[in-house]
Structures are given as structure tokens and as C-alpha cells.
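Here the structure comes first, spelled out in C-alpha cells, and everything after it is commentary.
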2 protein chains.
Amino acid sequence: MYKLDKIDKALLKLLQENGRATISSLSSAVSLSMPAVSERVKRLEASGVIQKFTTLLNPSLVDKQLMALVQIGFDMQRHADSFVDFVETEKDIKECYRITGKYEYTLKVQTNNTGTLAELLNRIKAQDGVNKTHSIVVLSSIIDRPSVVIN
Amino acid sequence: MYKLDKIDKALLKLLQENGRATISSLSSAVSLSMPAVSERVKRLEASGVIQKFTTLLNPSLVDKQLMALVQIGFDMQRHADSFVDFVETEKDIKECYRITGKYEYTLKVQTNNTGTLAELLNRIKAQDGVNKTHSIVVLSSIIDRPSVVIN
DNA sequence: ATTGAAAGAGAGAGGGA
DNA sequence: TCCCTCTCTCTTTCAAT
């Protein structure tokens, strides 16, 4: 695990809050010169601590009003690779985790409406190895924050 | 819903891929002058289509190796407000959704280890209104992408 | 939406604790 | 190793069109 000092942690916190913070603003925030900050940010990227800089959109403003969680029973004896490939190609699937418990996978889906959800469920059920699904519709999002608080 | 033209969609796609893309690189990518691109990005921010620019970290490199999903049975007759406040203060809770089905809420938790998960579960169970919980441990993350593909 | 000038930010060299 | 200053270059912003 990459060793983070206080300044690295401060930079990561600032960059999580504003991914477009300029090097110069970061540099005054942590009281270091710009080249020093620039080097640190590059190192954090190169080491993989920073996965990527991105932009979060408001799903309901880009016509993705319906969120659902889909639990999937899967016969792990076979075909897991093709299922992974399938999940990658479905752009409305935002998260896919292999889980413990009664089901093998859980998906988080962000789609347009119940119609597009139904179509996606049909495609999921048509996958080799999928033997049952359980859909849970999200009524409202209480919190949704990708940020990580570093100890 | 905010009306997005082709250029807005192209800018959003580029900014999701690289949240620190410079105005000048965006401007050559969409063949528009820099002030025009700058104006568009500002409008997308002001209108809320862009929620925020952020930096995604690798959770396992910042000592958050354990992900779990916690489903919560909750007596909705009472105390939902204090539960929401509680969830906000727990920094290891990354997502909280009100859901349909047997449970009322589901949480996505990203924490250090089974010990910190157990402590968090104790705090959750101590909340007024919580009448049952069901924990699912995430064995592996197949995909996890916040990006939205715009139609 | 564009152009062009001024201001600001970033990259790299060289050197010091 | 980590940091600083200086300088040069690139980027961004603003005003006028």
C-alpha cells in the first residue's frame, strides 16, 4: 500500500471536492510550491491511488431517471466470462459485484424508464448461467458519494 | 430537462473520461473556439447537468478493502429524519437508497476490514426505527463506473 | 461564436537543505 | 529524497466584433 503523508491526504481531499482544482490553488492550500504539488499529483496518479479524474453528471437531467438493483442467481460452474463481457457492454449497468449470500451477482442499473429496464432484464435473463433474478427499484437516493475519507 | 446538443454531449463524454481535460484540448476536440467551450462548460455546471468535477481514488490503496451491501428493515412510521442524519455522518457509507421490497433501505459500505464493518453494523442497529439488517459482502468488483452514456 | 491581447497557470532546469 | 526559485511556454479570460 502506497504511503500517504499529511500533504498527500490533503491534496486528495481537495481533489475529490474539486477535480479541476488548479495546481496553483492546491499549492497555496497546502503551502507548497507549484512544482512540488505537481510532482505529488503525478505520483498519486502513477501509483494508482488516483484512479481517474472525472465529471459526475446528474442522471435525472440526462434522461436516466430510474435506478434499480438487480440480484442475479448464477450457475458459477460455467460461463462466467461471457457474463462479464455482457455486463461490460450494457452501458446502463453502472456497478456489478460478485457477492456472498443467496445470489451470485448484484447490479446497479441506471436507465431511462420501466420500459428500458424491462428490456435490460430480458437481456440479462437470456444470458447463459443466469438462473434467477430479483429486481429492487430505487425510490429515492438519500446519499450517493464516491468520495473516500482517508484515515 | 436541460436541452443538450451534440457538442454538449461530446463535451460531457470527454469530461467524464478526463475531468481535468483542458479547455484548449476540448476546444480542438469539438472544433470550437476556447471561449465558446468555456461558456458551455460553465452553463452545464450552472444548470446542474454537471454535478461536480471529482477525483476517484482506488479504495484498496487507501485502506478501504472491504465493501458490503447492508439492507435495512425500517419502521417508516417514525424517525426517518434522524436515520438520514445518521447515514450522512457515517463516512464509510457511500450510498443509501430507499427501495421497494422486503427492506426499506440499502446501503453500500466501503470500510477497512471486518472489524470496522462490525462496529458500523452495531451503530446502524442502534438507530431508532431499524428493525432488521441483512449484510452482503462484496467478493469482487466486476465493474464500477459512475459515467453515464447519454442518448 | 470568433479574434487577439493580457493575465494566469503549468512545466522544466538547476540548485539547495 | 524532497523541496525551492526562475524562466519559458501554454492556457484561460476578457473585451470587442
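Computed over heavy atoms, backbone and side chain alike; hydrogens, waters and symmetry mates excluded.
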Strand contacts (DNA chain D) in residues 18-38 of chain B, 4.0 angstrom heavy-atom criterion: Thr22(B), Ile23(B), Ser24(B), Met34(B), Pro35(B), Ser38(B)

Do any of residues 3-15 of chain B sit with a heavy atom less than 4.0 Å from DNA chain D, and if so which? none

Give a yes or no on whether the backbone of [Y] and the side-chain of [X] come within a donor-acceptor separation of less than 3.5 Å.
| X | Y | answer |
| --- | --- | --- |
| Glu104(B) | Met76(B) | no |
| Lys9(B) | Asn151(B) | yes |
| Thr55(B) | Phe53(A) | no |
| Asn112(B) | Lys64(B) | no |
| Lys94(A) | Ser147(B) | yes |

Once you round it to whole Å, what is the distance between C1' of dC3(D) and CZ of Arg40(A)? 9 Å

Measure NZ/Lys42(B) against P/dA1(C) and give the value in whole Å, please. 14 Å

Assess whether atom NZ of Lys132(B) is packed by more than 12 heavy atoms of other residues, nucleotides or ligands within 6.0 Å. yes

Should we say atom CG of Asp85(A) is surrounded by more than 12 heavy atoms from elsewhere, each under 6.0 Å from it? yes

Looking only at the side chains, is there a donor atom on one of Asp144(B) and Tyr97(A) sitting less than 3.5 Å from an acceptor on the other? yes

